[in-house]
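Quantities reported herein were computed from a predicted structural model and do not represent experimental measurements.
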Amino acid sequence: MNPHHKTPDDDGHGTVPAECDLLVVGSGAGGLSAAVTAAHHGLQVLVVEKAPVCGGATSWSGGWAWTPGNPLAKTDGVDEDRETFRTYLRHCLGENYREDKVEAFLEAVPHMVGFFHGKTSLQFVPGAKIKDIYGKVPGAGTGHRSVGPRPLNARRIRPGIRALMRHQLYETSFLGMGVMAGPDLAKFLSASRGDPRGLFHATWRFGLHLVDLLVHRRNTQLVNGTALTGRLLTSADELGVRIRVSTPARRLLTDGTGRVTGAVVEGPDGEHTVRARRGVVLAAGGFPQDVERRRRLFPRTPTGREHWTLAPQEADGDGIRLGEQAGADFRTDVASPAAWCPVSLVPYRSGRIGTFPHIMDRAKPGSIGVLADGRRFVNEANGYYDYVAALIRAVPEGEPVQAWQIADSRFVRRYPLGMAKPLPVPLFPYLRSGYLKKGRTLEELAGACGIDPVALRETVRRFNESARRGEDPEFGRGETEFNRYGGDPRVGPNPSLAPLEKGPFYAVRIVPGSFGTFAGLAADPRARVLDRNGEPVPGLWVAGNDHVNVMGGHYPAGGINLGPALTFGYVAGRDAAGVTRYEDEAAVPAGR
């Protein structure tokens, strides 16, 4: 236990401490990983968070982290050679493959997972069935390369810490209740077909959720990103990490040699100077809400506002700006400046516009994506990054960058189409708001959406003809295990393909969005921030989306934001504590 353990009534709103060993800016996966690791190794750690709650985009994520070679896989009997991971990444990253950073990541991953799973309250479950996206690429994995947070009941978290947690993103929940990818989600979807086990599971889970809302005024069944944040915050609390919310860092402090020695932060009661004996970790979430940087760096975004990110408003580039003030090199030489995700905009009666990420519906059989010209443009069942990248390339210059995900009536009663939920949830609220478009025929749907009706009819005819045979000669949908895993195993001969033939037909408008940014501060394999000459800035580390993407701006697998965030946060925390050897942290203790 850290000797600097705080008092039990500390709830993130106390006086800002004047000094600490390590100051961490940001409370997402990267920042909390660094804080927990450093505190475990004896440092007095302070985390400052700009928002009034902790977790950042991590809390709104699926919570899965790409962790090739993790010890949970080895426990399950899967022991892949590290060269297999290198082979896959070399093929996926191409000229953006940076050997030193990839090697640092691959070496640290098993120790990171073993450390958190064996020595903290962050417990994982293995992603045994989660596939790498590009299944035809040499070295692609077919499972056991990911871990996710074990579900957690929020009542087990100390009330003061529980109050600091960001809630589940409403758009990815069911009336505020999180649903975990895997068996949990599969049972919910089976309920729409009348499966008794699925109906029992959905009724039981939602019944508990209603009780939680009545008694606790919040969802307490934490899954996905909220479970990851909750477990990290619990670990930090147990190790004496002090947290201050509504406290943005305004500027870094340096000594005469250029070493970072702390920061000036602004709390609710004014500015405070925090001296950090070891230095500062920047983990403020990248710049997805920085409209000016988006304008300069994002394609087809002339004003910076033609983009809808899933990150909180506070992720507006503070960490990047702080690093640049200290001479850090902001790297934009990546394949993509952001982690693209197709989104739809959800209008609410209050006037608020929600952002829904299309993660799992695109791969389900009976739906396709088309442009205004009525033609498909992508393998819809591939990664979310690929969908948006193809959309940006396919839409002619001068036209709105948008697509329509269309489906027939059988699809919308079996699977979600964006925010629209399958049976027994009614569709009329989404039709009334205009979020969901409907047509008795494909031509009528095309008129409602502004799609070429003749081309749409021909596109669907060709697609249906091939889909009945389980084939997609145009884009190869369903040819990889990743595609098929995202489909419906009850559908054959291809789980990802089914014809669109039973009216009425429905559509949701898709626009470019992102989970976060890939451009970021240059860093060495020890997560030390580098200046424009390639030299480490003394006393300054970086993790999370403030760190330039280790995948070079590519998206080879789900969880390639959280995997490196946790890993390089762990690396930064160890480096700040002066720990150089991994010892036996890659092992998972029996029973954990």
Exam field: side chain [X] to backbone [Y], donor-acceptor pair closer than 3.5 Å:
X	Y	answer
Arg300	Ile392	yes
Ser466	Phe463	no
Asp452	Gly374	no
Ser514	Cys341	no
Arg295	Gly304	no
Asp290	Glu292	yes
Asp408	Leu500	no
Asp329	Leu530	no
Asp531	Asn533	yes
Thr567	Val109	no

Show your reasoning for whether side-chain contact (heavy atoms from CB on, under 4.5 Å) applies to Thr67 and Leu566. CA-CA 10 Å; Thr67 53; Leu566 289 167; 5.9 Å; no

Between atom [atom1] of [X] and atom [atom2] of [Y], what is the distance when rounded to the nearest 0.5 Å?
X	Y	atom1	atom2	answer
Arg528	Leu540	CZ	CG	11.5 Å
Leu456	Ile406	CG	CD1	4.5 Å
Leu417	Tyr430	CG	OH	11.0 Å
Thr355	Met419	OG1	CE	11.0 Å
Phe105	Asp100	CZ	CG	14.0 Å
His547	Leu282	NE2	CG	11.5 Å

Could you check whether [X] pairs with [Y] (Lys NZ or Arg NE/NH1/NH2 to Asp/Glu carboxylate O, under 4.0 Å)?
X	Y	value
Asp316	Arg293	no
Lys438	Glu444	no
Lys136	Glu479	yes
Glu481	Arg484	no
Arg461	Glu458	yes
Asp361	Lys364	no
Arg376	Asp472	yes
Glu314	Lys50	no

Aromatic ring pairing Tyr384/Tyr555, orientation class (parallel under 30°, perpendicular over 60°, tilted between) = perpendicular

Item to complete: Check the angle between the aromatic planes of Trp66 and Tyr88 and answer parallel, tilted or perpendicular using the 30° and 60° thresholds.
Response: tilted

For Phe475 and Phe377, I'd like to know if the aromatic rings sit close, meaning centre-to-centre distance below 6.0 Å.
no

Is the distance between the ring centroids of Trp340 and Phe298 under 6.0 Å?
yes

Please tell me whether Thr229 and Thr58 have a donor and an acceptor in their side chains that are separated by less than 3.5 angstrom.
no

Does Glu103 form a salt bridge (charged side-chain N to carboxylate O under 4.0 Å, His left out) with Arg86? I'd like the steps, not just the answer. CA-CA 8 Å; Glu103 284 301 308; Arg86 295 190 191 103; 2.4 Å; yes

Here the pair of heavy atoms bringing Ala283 nearest to Gly30 is CB-C, 4.1 Å

On a heavy-atom basis, the closest approach of Leu228 and Gly63 is CD2-O, 4.1 Å

State, with a plain yes or no, whether a side-chain heavy atom of [X] is found less than 4.5 Å away from one of [Y].
X	Y	value
Leu497	Pro365	no
Ile560	Phe518	yes
Val511	Val401	no
Leu371	Leu391	yes

inquiry  = Are there over 12 heavy-atom neighbours, none belonging to Arg251, within less than 6.0 Å of that residue's CZ?
reply    = no

Discussion item. Can you confirm whether Arg305 is buried at CZ, in the sense that more than 12 heavy atoms of other residues, nucleotides or ligands lie under 6.0 Å from that atom?
Written reply: no

Side chain to side chain donor-acceptor pair (under 3.5 Å) with Ser344: of Gln405, Arg509, Gln402, His358, only one passes, and it is His358

*asked:* Test side-chain contact (heavy atoms from CB on, under 4.5 Å) on Tyr387 and Ile510; report intermediate values, then the result.
replied: CA-CA 10 Å; Tyr387 191 105; Ile510 306 293; 3.8 Å; yes

Margin query: Quick one, Thr459 with Ile368, criterion side-chain contact (heavy atoms from CB on, under 4.5 Å). Give me CA distance, side-chain angles, the key distance, then yes/no.
Written below: CA-CA 10 Å; Thr459 293; Ile368 59 174; 4.2 Å; yes

Q: Start with the C-alpha distance between Arg477 and Glu380, add both sets of side-chain angles, then the distance that settles salt bridge (charged side-chain N to carboxylate O under 4.0 Å, His left out), and finish with yes or no.
A: CA-CA 7 Å; Arg477 179 168 160 184; Glu380 299 90 347; 3.0 Å; yes

Apply side-chain contact (heavy atoms from CB on, under 4.5 Å) to the pair Cys449 and Lys437, showing each step before the final yes or no. CA-CA 7 Å; Cys449 300; Lys437 302 295 184 183; 3.8 Å; yes

